[in-house]
2 protein chains.
Amino acid sequence: MPSQAATPNTGEQQPAARRRNARRAQILDAAWELARRDGLAAISLRELADRVDMRQPSLYWYFPSKAALYDAMFAQGFAQLVDERERLRLPRDPIAALRAGCRHFLEFCVREPVRYQLLFQPSVPGFEPSAESMRVAEVALGYLARWLAAAGAPDRDALDLMRALLLGLAGEQIANEPGGKRWIKFADRIVDVVIETPRRHRA
Amino acid sequence: MPSQAATPNTGEQQPAARRRNARRAQILDAAWELARRDGLAAISLRELADRVDMRQPSLYWYFPSKAALYDAMFAQGFAQLVDERERLRLPRDPIAALRAGCRHFLEFCVREPVRYQLLFQPSVPGFEPSAESMRVAEVALGYLARWLAAAGAPDRDALDLMRALLLGLAGEQIANEPGGKRWIKFADRIVDVVIETPRRHRA
DNA sequence: GTCTATATTTGGATAGAC
DNA sequence: GTCTATCCAAATATAGAC
């Protein structure tokens, strides 16, 4: 997992700030590694510090609390999603574009199950993302909303349904057959459902 | 939540065993209560013991470990689902029956979010249900499989898809609007998808 | 910025008397 | 069956020197 967007990183940075951000990114990388191995909730600051050749209290110079660490991971995860979506080369046809975008989203989820859990499931007992991190999450959701609107489904129901069905497929794929396609192969089918059925079901 | 099926309860029971099972059920009830308040992973054996007027070590006479407590909750949750499904009065028409069964499932999930998390999400860090508990879970899944088969979708794909879409709706409903219908109102629509689309999508 | 040392809390689990 | 007493491990967080 690339250690991008560990910090807003907007504008110029003094060398000191640059080094600090690089170290933060390094810590985040190690945190994801531990999360992959033991689960998100089981990240230990002691072991995390070991991985980056630090003593545990030194982490507090980079993150004021463990919750802040989770929050940074949360924001980083959505920043990665936004970044990948920005780089996608989508077909011109809006429906084909929506399909491709959804397929990418499913692949994004199953590629890193632990990231999926942090971003889309209430996975860490006491953790709630900060308002700033939620904004990044909403930016990511905006892409799906625009793809849907371009494909002829601009309403809230379509977005709700699309999100739920995609997360349902991703969740089952990850829980039951990580690495396979038994669930995510239904991607195109559910896209058709969302953009086709509103006419027939006048709820 | 009724404290049923705390224990297999098959055959006759000596009075001593009966009292023990009643106490187990009482402990389970209190555990669900704590889970609702603080989350599943945050259940503390000390506070749990307080709730049933015991000292913490006494719990170990009823459950050999905390994992065993979670396992009993897991089995109990699925037993409740099976029990409710057994009592359902379904329409004769197989498609209408499938719809009703799915609507009930969604209602079952949103009625007790913490139970949904334990049964259908990897919610407690180290917990894995025992083989015996998994059998109860499979019995529950069997109902959905039979309803689908009767409605003309006997294949594995239909069951996979149905499960994923239902869990997707339930998960979003619980996460974003507990108590509402913004997602579960799509129940009938996704049922139609699963039983109608196989023809058109020859995957 | 990073360290040592430590505070503080909390948790699950066990031993053994009664 | 239930208790008291205790163990042991692990965690986050803080204080303050350098």
Side-chain angles (χ1 to χ4, degrees), chain A residues 6-7 13-31 33-35 37-74 118 123-128 130, chain B residues 6-7 13-31 33-35 37-74 118 123-128 130:
Chain A
T7 297
Q13 286 189 340
Q14 303 300 323
R18 263 197 53 76
R19 275 187 297 114
R20 182 179 148 113
N21 285 336
R23 206 96 163 94
R24 271 177 65 101
Q26 184 193 5
I27 293 167
L28 285 174
D29 282 352
E33 224 175 286
L34 283 179
R37 201 195 58 185
D38 302 329
L40 276 163
I43 291 178
S44 150
L45 294 188
R46 287 176 202 288
E47 192 169 5
L48 178 56
D50 278 351
R51 296 290 188 101
V52 294
D53 291 306
M54 262 185 205
R55 301 297 157 203
Q56 175 252 330
S58 302
L59 289 176
Y60 281 76
W61 193 81
Y62 297 95
F63 298 96
S65 71
K66 194 183 186 183
L69 174 70
Y70 282 125
D71 195 57
M73 294 172 77
F74 180 91
L118 180 62
S123 180
V124 182
F127 169 66
E128 298 242 9
S130 66
Chain B
T7 295
Q13 286 188 341
Q14 303 301 324
R18 264 197 53 78
R19 275 188 295 114
R20 183 180 146 113
N21 286 336
R23 205 94 163 98
R24 271 177 64 103
Q26 184 191 4
I27 293 168
L28 285 173
D29 282 351
E33 223 176 285
L34 283 179
R37 200 194 60 185
D38 302 329
L40 275 163
I43 292 177
S44 150
L45 295 187
R46 286 179 152 78
E47 190 170 5
L48 177 56
D50 277 352
R51 295 291 188 100
V52 294
D53 292 306
M54 262 184 206
R55 303 298 158 200
Q56 176 252 334
S58 301
L59 289 176
Y60 281 76
W61 193 82
Y62 297 95
F63 299 95
S65 70
K66 194 184 186 183
L69 175 71
Y70 283 126
D71 196 57
M73 294 171 77
F74 181 91
L118 180 62
S123 181
V124 181
F127 169 65
E128 298 243 8
S130 65

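Chain A is the first sequence line, chain B the second, and so forth, proteins listed ahead of strands; every chain is numbered from 1.
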**OP:** Tell me what A/Tyr62 touches on the nucleic acid: a base, only sugar-phosphate, or nothing, going by heavy atoms under 4.0 Å.
**Re:** sugar-phosphate
Original post:
Which residues satisfy the salt bridge (charged side-chain N to carboxylate O under 4.0 Å, His left out) test with B/Glu128, sequence neighbours excluded?
Top reply: none
Subject >> Nucleotides bounding contact with chain A, strand DNA chain D, heavy-atom threshold 4.0 Å >> reply: D/dA11 to D/dT14
Subject >> Where protein sits on nucleotides 9-14 of chain C, one letter per nucleotide: B base, S sugar-phosphate only, - none, heavy atoms under 4.0 Å >> reply: --BBBB
**OP:** Can you measure from CD (B/Gln13) to CG (B/Asn21) and round to the nearest 0.5 angstrom?
**Re:** 4.5 Å
Original post:
In degrees, rounded to 10°, what is the bend between the two ends of the helix from C/dG1-D/dC18 to C/dC18-D/dG1, using five pairs at each?
Top reply: 0°
**OP:** Look up atom CZ in B/Phe74 and atom OG in B/Ser123, then write down how far apart they are to the nearest 0.5 Å.
**Re:** 11.5 Å
**OP:** Keeping to residues at least two apart or across chains, list the side-chain hydrogen bond (donor to acceptor under 3.5 Å, both in side chains) pairs with something in residues 39-49 of chain B.
**Re:** B/Arg37-B/Glu47
Subject >> B/Tyr70 side-chain N/O to B/Gly126 backbone N/O, donor-acceptor pair under 3.5 Å >> reply: no
**OP:** Find the distance between CG (B/Leu28) and CD (B/Glu33) and round it off to the nearest 0.5 Å.
**Re:** 12.5 Å
Original post:
At under 4.0 Å between heavy atoms, what does B/Ala16 touch on the DNA or RNA strands: base, sugar-phosphate, or nothing?
Top reply: sugar-phosphate
Side-chain donor-acceptor pairs of residues 53-67 of chain A under 3.5 Å, sequence neighbours excluded:
| residue | atom | partner | partner atom | Å |
| --- | --- | --- | --- | --- |
| A/Ser58 | OG | A/Arg55 | O | 3.4 |
| A/Ser65 | OG | A/Ala67 | N | 3.3 |
| A/Ser65 | OG | A/Ala68 | N | 3.1 |
| A/Lys66 | NZ | A/Ile43 | O | 2.7 |

**OP:** Provide the closest heavy-atom pair for A/Leu40 versus A/Met73 in the form atom of the first, atom of the second, distance.
**Re:** CD2-CE, 4.2 Å
Original post:
Which atom names give the shortest non-hydrogen contact between B/Leu48 and B/Ala31, and what distance separates them?
Top reply: CD1-N, 3.5 Å
